[in-house]
Amino acid sequence: MDEKTIKIAYLYEDLMNTYGDCGDVKILKYLLKLRGYQTQVDNVSLGDEFNAFDYDFVFFGGGQDFEQTVVAKDLPRHKETLEKYINSNKPMLCICGGYQLMGTYYKTNEGITIKGLDILPLHTVFKADKRMIGDTRFMTEWGEVKAFENHSGQTYFDNPDKLHPLGEMIEGYGNNPQDHVEGLRYRNFIGSYSHGPLLKNTNVANAIIELILAWHEERIKTPVAK
Ligand code: GLN
């Protein structure tokens, strides 16, 4: 195995890439290059085999309701590997539609309930009368983040006392209009409504790179599939 190659799994890259979320992966690629690493990005799409432990980082971007419906049918095959990966503190970033699909369900505009992976205790309900669109600013453990949101899904934590949001809103909506929080930080999983892309905020990108490199060091020492 090449010690200087970082492997990134991009879940459904061809379907889940609203508002240029692939920019998050491009920024990671660039910042890793500055640190002397090359990057291999695999599009894990419909029907593909996938073991999360073969990767140093998993990315899942945003998508519109139709694409989410298509992806949600294929996604349950990967529940076991993703659940183990997340619960053993490996790094993953999910944006908007991808973030929604990691929860229990997403009830769409048409009243269709898309089943999520049910890895994280949160759910999302589409509210047609309140599209959350515009610039956002929020405070995270790594400092302030500036981004852009565009969603009608309102996300709620099932047990707000146990889940930590990614940030506290300064401007914009984030998860929903009531809670004034953005995204989720659970172990080394980050969920967020931030497009723009999120990782143009290099404070967050560099924090994620530290997580990636720590796991990469461990992974290359034990290359057996788990
Ligand atoms: N379709 C979802 C919503 O509107 C997600 C949109 C997105 O990923 N940008 O909430």
Side-chain angles (χ1 to χ4, degrees), residues 9-27 43-46 58-76 78 82 92-138 145-158 163 165-167 169 171-186 189-201 204:
Y10 190 149
L11 300 183
Y12 309 94
E13 179 178 6
D14 44 345
L15 295 161
M16 302 291 283
N17 177 26
T18 44
Y19 318 122
D21 287 340
C22 62
D24 285 321
V25 172
K26 288 184 177 160
I27 289 167
N43 173 19
V44 178
S45 196
L46 302 176
V58 181
F59 179 75
F60 196 9
Q64 304 302 347
D65 290 9
F66 175 73
E67 282 75 13
Q68 285 179 280
T69 313
V70 174
V71 164
K73 291 193 182 121
D74 191 66
L75 196 57
H78 307 313
L82 284 172
M92 176 166 182
L93 173 63
C94 295
I95 304 291
C96 203
Y99 168 44
Q100 294 170 345
L101 289 179
M102 300 303 285
T104 47
Y105 66 86
Y106 170 40
K107 199 165 177 195
T108 70
N109 192 23
E110 281 81 34
I112 298 164
T113 300
I114 302 176
K115 270 181 73 109
L117 271 192
D118 195 14
I119 293 178
L120 300 163
L122 53 87
H123 63 274
T124 303
V125 181
F126 189 103
K127 298 271 172 69
D129 56 340
K130 181 82 195 152
R131 187 140 190 105
M132 288 162 278
I133 179 164
D135 293 335
T136 55
R137 281 192 306 133
F138 52 95
V145 168
K146 292 189 172 98
F148 165 80
E149 66 184 335
N150 189 355
H151 56 113
S152 291
Q154 303 191 1
T155 295
Y156 295 91
F157 296 162
D158 297 336
L163 284 189
L166 174 64
M169 295 317 292
E171 182 187 342
Y173 296 100
N175 284 349
N176 61 62
Q178 293 86 36
D179 294 335
H180 308 291
V181 294
E182 218 285 338
L184 169 68
R185 173 87 201 268
Y186 170 76
F189 172 94
I190 293 171
S192 176
Y193 271 107
S194 304
H195 304 286
L198 169 64
L199 298 186
K200 72 178 184 197
N201 296 276
V204 182

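One-based numbering, in listed order, for ligands and for the atoms of each. In this text the structure is predicted, and so the values were computed from the model without any measurement.
N175 and Y156 are not linked by any side-chain donor-acceptor pair at a separation below 3.5 angstrom, with hydrogens and angles left out of the test. Counting only N and O atoms by type, the side chains of H195 and D21 include a donor and acceptor under 3.5 Å apart. Of the N and O atoms on the side chains of Y106 and T155, not one donor lies less than 3.5 Å from an acceptor on the other residue.
Of all the heavy atoms in G61 and M16, the pair that sits closest is O-CE, 3.4 Å.
Atom CG of residue L120 and atom CZ of residue F157 lie 9.0 Å apart, to the nearest 0.5 angstrom.
Ligand 1 lies under 4.0 Å from heavy atoms of T18, Y19, G62, G63, Q64, D65, Q68, C96, G97, Q100, Y106, R131, N150, H151, S152, G153, H195.
Residues S152 and N109 fail the side-chain proximity criterion, which asks for heavy atoms closer than 4.5 Å.
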